[in-house]
Number of protein chains: 2
Amino acid sequence: MKARDDSASARGGAAGRRRTQNASMADVARVAGVSSQTVSRVANAFPGVNEETRQRVQAAMGELGYHPNSAARALKRGAFHTIGVITFTLSTTGNVRTLEAIAASAAEEGYAVTLLPVAVPTQDEVRGAFSRLGELAVDAVIVIMEVHLLDAARLALPPHVKVVVVDSDAGDRYAVVDTDQAGGTRAAVRHLLDLGHRTVWHLAGPEDSFAAERRTVAWRAALAEAGREAPEPVRGDWSAESGYRAGLRLAEQPGLTAVFAANDQMALGLLRALHERGRRVPEDVSVIGFDDIPESGSFLPPLTTVHQDFAEVGRRCVAGVLRQVEQDEAERGTTLVPTRLVVRSSTAAPGV
Amino acid sequence: MKARDDSASARGGAAGRRRTQNASMADVARVAGVSSQTVSRVANAFPGVNEETRQRVQAAMGELGYHPNSAARALKRGAFHTIGVITFTLSTTGNVRTLEAIAASAAEEGYAVTLLPVAVPTQDEVRGAFSRLGELAVDAVIVIMEVHLLDAARLALPPHVKVVVVDSDAGDRYAVVDTDQAGGTRAAVRHLLDLGHRTVWHLAGPEDSFAAERRTVAWRAALAEAGREAPEPVRGDWSAESGYRAGLRLAEQPGLTAVFAANDQMALGLLRALHERGRRVPEDVSVIGFDDIPESGSFLPPLTTVHQDFAEVGRRCVAGVLRQVEQDEAERGTTLVPTRLVVRSSTAAPGV
DNA sequence: GGCTGTTATGTTTACGTAAACATTCGGTGG
DNA sequence: CCACCGAATGTTTACGTAAACATAACAGCC
């Protein structure tokens, strides 16, 4: 008590106001008439504390509104029970859904999630983010971003931090959790070909996106496998607006009967463009998306798309980092989360 | 001390692989041949360090890959430089966009953001979340949730934690940042009435949502103000699917010419339902949404909607909590972020 | 009755940082 | 020429917790 008063009045000058700070173990110990170590034992539910004593301590805790100071705890334990998540943007469905799942899984495991947004995807920015993470109270990091940007920052990543990367091809250097883009794309293309379409056009995502690239490559491979020719893909930037613009161009292609869009938002824009140009979906043109965002079932028409299990991705990310934290060693290799084709009304046999 | 000396001298210049754990100030001090206090001064860019010494220290830092330990720092400073965000779900556009803006603003101010998801919105869950937050390394909390659930948890909220609430009517007890729902709704209804519609129907959000309630009340008020009758509102749960189901019912209403949907997703479902029932938009029925999600410009037809400035909401939230942290005292009162009507193609004069 | 083991509790110490206080040293003004 | 200044640097201490170690009381056993 006295020590506390002293220090408070000592630093009470300009900057320090009255400390409404939490009571410490020592305070609880004093009130309960025990040592602070016993308070610690009660707080951490350690065995070897008399029931009566425990009650007394708990009463004191309640009285003082005691909450353990996590900074001290982290300092002592050398662990923060926190996972950092680095990402560029929360504008894409995938990132958000993954983040949500990560947060939920982490909470289940008693871990908190700290968000580290990187505003502008320049190398310096990423490097800065990692360096800030180094100072951050974080035991492990989950990175949701393109691998080439990650590379730029690699050196700045503190060596003891465990990392899991989402949606990347860096499986040789990091633990990677990825959606089975290839499988989903293949299923989408096969579905269209099986319906009788001669070939499938592609509304691709941005060039600098690894996920987009994977889908494009898989689309090409699936066509090649069936011995079909791959038309030149048209690129968007994931947004519905870009899908619309690309769709206007696609609508002018002669012989267009089926389009595989790299995500649902672009598919939405595509639907609008086709509608405006008088191409009916699915009678004239079949459209298939990727992601299965909640709204896609309400598009006009309801969109056939590839469902991604973001929740599972998040779960595996958390499991991955926690495994690394426990074992205290880095992991490598890629985990693939399966996808599933959801058939709705935007695909049909080509017009007769 | 002894073990530490050994290990430090042992690794000298080569990176020891055993405890690659962060080097401490003491390690840096030893290498640089100064006291740890001088290292601290360099690390915090304090004045009164000789240039030459500073260089030497910085060299040592680089060599050892030194990163300040934030747990120790937080313990010493009594502050974490972290803002906690409590929310139920990242499934709604608003929450996500707000969170994104919060994260960005916080990063700008040098604060990290810790996410605390609450899976199931029961009172116990919320209480648990707050109590966990109490142990968390957090200086302030931003709550994105309905106020009645917040109330349930009020007692569990540690008293020293500063709070800002988004989208709530608890301005008398907390600092609240809210979107001008009433203004936006009013603009939407006026827009439709000015186009010549006799009245405006309402596709409402879930009952337990404060934001939904505000919009419903404002819609009713705007109609009353114009001396029009308010039809019974139809309820959805924010999802496009629920909008579709509600839309099927609305499509059967005789005299339906204009609908104000409480968010864009439900408007999307509504569009689909109207389309299926052969009611053309906007020729037969005008539809207006709320939120202005990025996709709404690509709906069929592009949606007239009320734009919400989530970025501004996030910014004000961060500013609010940081102000409280600095002043070390709680604030109250509500800040309103203005909305803006975005007119696209889903509204027109009623069919002649 | 002394020895051992067990249970309940107290004491010391260290985690890494940084504020507060102490020391050193080359000047400078009285 | 020396006491004093201030710049540069070192030493002590405290933040709150918890591991490691220490103590105390008591039961069981030969």
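The sequence lines fix the lettering, A, B, ..., with proteins before strands; numbering per chain opens at 1. Values reported hereafter were calculated over all heavy atoms of this structure, with side chains retained and with hydrogens, waters and symmetry mates removed.
- Between the C1' atom of D:dA18 and the CE atom of A:Met25 lies a distance of 7 Å, rounded to the nearest Å.
- The CZ-C1' distance, from B:Arg73 to D:dT17, rounds to 20 Å in whole Å.
- Atom CG in A:Leu75 sits 6.0 Å away from atom CG in B:Asn69 (nearest 0.5 Å).
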Could I get a table of every N or O pair under 3.5 Å where one atom is in the protein and the other is in nucleotides 4-9 of chain C?
from: C:dT9; atom 1: OP1; to: A:Thr53; atom 2: OG1; distance (Å): 2.5
from: C:dT9; atom 1: OP2; to: A:Asn50; atom 2: N; distance (Å): 2.7
from: C:dT9; atom 1: OP2; to: A:Thr53; atom 2: OG1; distance (Å): 3.3

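- For A:Glu331, the salt bridge (Lys or Arg N to Asp or Glu O under 4.0 Å) partners are A:Arg323, not counting sequence neighbours.
- Applying the side chain to side chain contact (heavy atoms under 4.5 Å, CB included) rule to A:Ala101 yields the partners A:Ala311; only residues at least two apart in sequence or on another chain are considered.
- Residue B:Asn44 contributes atom CG, which lies 4 Å from atom P of C:dA18 at whole-angstrom precision.
- Distances were taken from every side-chain heavy atom of B:Phe46 (C-beta onward) to each of C:dC15, C:dA19, D:dA20; the shortest belongs to C:dA19.
- Note: NZ (A:Lys76) to P (C:dT13) measures 13 Å, nearest angstrom.
- A distance of 8.0 Å separates CD1 in A:Ile83 from CD1 in A:Ile102, rounded to the nearest 0.5 Å.
- For A:Thr89, the side chain to side chain contact (heavy atoms under 4.5 Å, CB included) partners two or more places apart in sequence, or in a different chain, are A:Ser91, A:Thr92, A:Asn95, B:Glu100.
- Five base pairs at each end of the helix from C:dG1-D:dC30 to C:dG30-D:dC1 define two local axes, and these are offset by 60° (rounded to 10°).
- Take B:Gln55 and apply the side chain to side chain donor-acceptor pair (under 3.5 Å) test, not counting sequence neighbours, and it matches B:Glu51.
- One can place NE2 of B:His67 at 19 Å from C1' of C:dC15, the figure rounded to the nearest angstrom.
- Qualifying side chain to side chain contact (heavy atoms under 4.5 Å, CB included) partners for B:Val313, counting only residues two or more places apart in sequence or in other chains: B:Thr98, B:Val166, B:Val177, B:Thr179, B:Cys317, B:Val337.
- Straight-line distance from the CG atom of A:Leu64 to the P atom of D:dG16: 13 Å, rounded to whole Å.
- Atoms OH (B:Tyr66) and C1' (C:dG16) sit 8 Å apart, rounded to a whole Å.
- Partners of A:Glu312 according to the salt bridge (Lys or Arg N to Asp or Glu O under 4.0 Å) rule, which considers only residues two or more places apart in sequence or in another chain, are A:Arg315, A:Arg316.
- Spacing between atom CZ of B:Arg30 and atom P of D:dG10 amounts to 14 Å, rounded to whole angstrom units.
- A:Ala330 meets the side chain to side chain contact (heavy atoms under 4.5 Å, CB included) test with A:Gln324; sequence neighbours excluded.
- Contact check, B:Asn69 against C:dC15: no side-chain N or O comes under 4.0 Å of OP1 or OP2.
- Dashed line: the shortest gap from a side-chain N or O of B:Arg77 to OP1 or OP2 of C:dA18 is under 4.0 Å.
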